[in-house]
Amino acid sequence: MPVSLKDQVVIVVGASSGMGRDTALLFAKEGAKVMASARRADRLAELERHGIAIHPADATDAAAMEALAQATLQRFGRIDILVFATGTNIPDRALTRLTPELWNMMVSVNLNGAYYATRAVLPAMREQKAGSIYYISSKSAVVPDESGAAYQAAKRGLAGLSQAIRVEEKDNGIRTCVVCPGLTDTEILLKRPVKTPAETLAKALQSEDVAELVLSLAKLPARCWVPEVHLFPSAI
Ligand SMILES: NC(=O)c1ccc[n+]([C@@H]2O[C@H](COP(=O)([O-])OP(=O)(O)OC[C@H]3O[C@@H](n4cnc5c(N)ncnc54)[C@H](OP(=O)(O)O)[C@@H]3O)[C@@H](O)[C@H]2O)c1
């Protein structure tokens, strides 16, 4: 029997577009109380029409992630689920072009932000003795590709964060899952150094596929733990 998500409180960081946006919409459709966050307030505002609360914030700012958790607690009284869908990449991703400044930015957005958001929600989850955290990582974390050293290292780092939580927070009823999607037709692809061919894009995942996967994971009973899940396009 799938767990009902009605009235569960869900924070989605990186909810202004792509997978995060579709995840926020899907959880809201299931009756969850959703708090959506990202930097672009105008994009988040569109979600308000679907009954989703918004809190614009930069995930690379630990205090801003703390304020996001506090705003959620004030509004909804608890935090059941965190989905960290924030991510970015850069055209100058090859080692011949990467700089320490770009590396730091990439690790900051893709990995530090996940830690800051996690740190902000853990106290409430510990108190509840329950909570689920989903990190949107990437196929690049498990299969070598050309997405760049900084992106691959940061995405693989999410597995380390997730594993540590498993060990340290299991007895508090907190579960984590690293979700590794393959190529998905979203705005992040505009940051590739070379445009993705239309025939490849036609075979890519859609952001709602990833949202459906996260939703189905969240519906598993608390006795189940899925450490990592891979979702790849079947035809690429
Ligand atoms: N598309 C793919 O092929 C693919 C494959 C595997 C994994 N992924 C991963 O999937 C996740 C979702 O990406 P997407 O494909 O849906 O692309 P997307 O549409 O570009 O979404 C990226 C999200 O991250 C947010 N973000 C970026 N920097 C941020 C910051 N400093 N603070 C807060 N939010 C920030 C963006 O919002 P703002 O700009 O408004 O802040 C946006 O909501 C990412 O982690 C990405 O790495 C994507």
Side-chain angles (χ1 to χ4, degrees), residues 11-26 34-47 52 54-65 67-68 82-91 93 102 104-117 120 133-143 145-148 150-159 161-162 177-192 195-197 200-214 228-233 236:
I11 297 179
V12 183
V13 187
S16 58
S17 60
M19 301 175 196
R21 180 178 183 276
D22 279 355
T23 302
L25 286 167
L26 207 52
V34 180
M35 176 67 89
S37 185
R39 293 166 303 172
R40 288 171 293 176
D42 55 331
R43 292 285 199 97
L44 290 176
E46 292 171 22
L47 293 173
I52 294 172
I54 64 166
H55 184 95
D58 188 332
T60 65
D61 179 344
M65 289 299 95
L68 168 64
L82 167 66
V83 182
F84 189 81
T86 292
T88 194
N89 208 341
I90 41 170
R93 58 188 64 177
L102 286 171
N104 289 341
M105 183 282 287
M106 287 293 292
V107 173
S108 182
V109 175
N110 291 299
L111 182 57
N112 294 356
Y115 165 64
Y116 299 151
I133 304 177
Y134 302 97
Y135 299 110
I136 307 299
S137 176
S138 173
K139 183 181 178 186
S140 313
V142 287
V143 180
D145 65 10
E146 292 183 338
S147 56
Y151 187 78
Q152 291 175 64
K155 288 298 188 185
R156 204 168 169 99
L158 291 172
L161 173 62
S162 181
C177 179
V178 179
V179 178
C180 300
L183 184 74
T184 309
D185 187 3
T186 67
E187 291 174 26
I188 202 172
L189 300 186
L190 302 174
K191 293 173 180 157
R192 286 184 156 193
K195 202 172 164 208
T196 312
T200 306
L201 268 188
K203 297 177 197 161
L205 301 173
Q206 299 298 315
S207 49
E208 60 261 34
D209 303 335
V210 182
E212 288 283 2
L213 177 61
V214 175
E228 185 169 296
V229 58
H230 301 174
L231 180 66
F232 299 168
I236 298 178

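When a ligand or atom number is given, it counts from 1 through the structure's own listing order.
- Remark: ligand 1 atoms within the under-4.0 Å shell around heavy atoms of Val109 are 28 (N).
- Distance from atom 35 (C) of ligand 1 to its nearest protein heavy atom, with residue and atom name: Thr86 CG2, 3.4 Å.
- Heavy atoms of other residues, nucleotides or ligands lying less than 6.0 angstrom from CD of Glu46 number more than 12.
- Here the protein heavy atom with the shortest distance to atom 8 (N) of ligand 1 is Tyr151 OH, 3.5 Å.
- Residue-ligand proximity: Ser137 is placed with a non-hydrogen atom under 4.0 Å from ligand 1.
- To the nearest 0.5 Å, atoms OG (Ser137) and CG (Leu158) are separated by 5.0 Å.
- When hydrogens are left out, the protein atom nearest atom 39 (O) of ligand 1 is Arg39 NH2, 3.0 Å; that is the closest non-hydrogen contact.
- Judged by distance alone, with hydrogens and angles left aside, the side-chain atoms of Asn89 form a donor-acceptor pair with the main-chain N or O of Ser147 at under 3.5 Å.
- Distances shorter than 4.0 angstrom occur between a heavy atom of Gly182 and an atom of ligand 1.
- At the shortest separation from atom 25 (C) of ligand 1 among protein heavy atoms lies Gly14 CA, 3.8 Å.
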Step by step, would you call Val142 with His230 a side-chain contact (heavy atoms from CB on, under 4.5 Å)?
CA-CA 9 Å; Val142 287; His230 301 174; 3.9 Å; yes
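- The two residues Ala24 and Ala15 come nearest to each other via the heavy atoms CB-CB, 4.4 Å.
- A donor-acceptor pair is defined here as one N or O able to donate and one able to accept, closer than 3.5 Å; no such pair exists between the side chain of Ser16 and the backbone of Gly14.
- Every N/O-N/O distance between Val13 and ligand 1 stays at or above 3.5 Å.
- Heavy-atom distances between Phe84 and ligand 1 stay at or above 4.0 Å for every pair.
- The structure places CG of Asp61 at 11.5 Å from CG of Asn112, a figure rounded to the nearest 0.5 Å.
- Near Asp58, the atoms of ligand 1 lying under 4.0 angstrom from a non-hydrogen atom of the residue are 30 (C), 31 (N), 32 (N).
- Of all atoms in ligand 1, listed by their number and element, those nearer than 4.0 Å to a heavy atom of Gly18 are 16 (O), 19 (O).
- In this structure, atom 14 (P) of ligand 1 lies nearest to the protein heavy atom Thr186 OG1, 3.3 Å.
- For ligand 1 and Gly87, the ligand atoms under 4.0 Å from any heavy atom of the residue are 22 (C), 24 (O), 27 (C), 44 (C), 45 (O), 47 (O).
- For ligand 1, the polar-atom distance check against Ala59 finds a nitrogen or oxygen pair separated by under 3.5 Å.
- The closest protein non-hydrogen atom to atom 36 (C) of ligand 1 is Ser16 OG, 3.7 Å.
- A distance-only check finds no donor-acceptor pair linking the side chain of Thr184 to the backbone of Leu205 [under 3.5 Å].
- Contacts of Ser207 with ligand 1, taken as heavy-atom pairs under 4.0 Å, are absent altogether.
- Residue-environment remark: CZ (Arg156) stays at or below the threshold of 12 foreign heavy atoms within 6.0 Å.
- Listed by number with element, the atoms of ligand 1 under 4.0 Å from a non-hydrogen atom of Leu183 are 3 (O).
- Each of the following atoms of ligand 1 lies closer than 4.0 Å to a heavy atom of Ala85: 11 (C), 12 (C), 44 (C), 45 (O).
- Here the OG1-CZ distance, from Thr86 to Arg39, works out to 8.5 Å after rounding to the nearest 0.5 Å.
- Within the 3.5 Å criterion, the main-chain N or O of Met19 finds no donor-acceptor partner in the side chain of Asp22.
- Looking at atom 48 (C) of ligand 1, its nearest protein heavy atom turns out to be Met19 CE, 3.4 Å.
- Using a non-hydrogen distance threshold of 4.0 Å, Ala15 registers as a contact of ligand 1.
- What sits closest to atom 18 (P) of ligand 1 on the protein, heavy atoms only, is Ser17 OG, 3.4 Å.
- A donor-acceptor pair under 3.5 Å is formed between the side chain of Asn110 and the backbone N or O of Thr88.
- Within the structure, the closest approach of Ala57 to ligand 1 falls below 4.0 Å when heavy atoms are considered.
- Comment: Arg43 engages Glu187 in a salt bridge, judged by a side-chain N to carboxylate O separation of less than 4.0 angstrom.
- Atom SG of Cys177 and atom CD1 of Ile133 lie 11.5 Å apart (nearest 0.5 Å).
- Side-chain atoms of Arg93 come within 3.5 Å of backbone N or O of Ile90 as a donor-acceptor pair.
- Only the side chain of Leu189 comes within 4.0 Å of ligand 1, counting heavy atoms alone; its backbone N, CA, C and O stay farther away.
- For Asp185, no nitrogen or oxygen atom sits less than 3.5 Å from a nitrogen or oxygen atom of ligand 1, counting backbone and side chain alike.
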Give the C-alpha distance, both sets of side-chain angles, the deciding distance and a yes or no for side-chain contact (heavy atoms from CB on, under 4.5 Å) between Val214 and Ile136.
CA-CA 9 Å; Val214 175; Ile136 307 299; 4.0 Å; yes
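- Close approach of ligand 1 to Lys155 (heavy-atom distance below 4.0 Å) involves ligand atoms 44 (C), 45 (O), 46 (C), 47 (O).
- The proximity of Ile188 to ligand 1, defined as any non-hydrogen pair under 4.0 Å, involves the side chain as well as the backbone.
- Every atom of ligand 1 is numbered from 1 in the order shown, and the set under 4.0 Å from a heavy atom of Ile136 is 9 (C), 10 (O), 11 (C), 45 (O).
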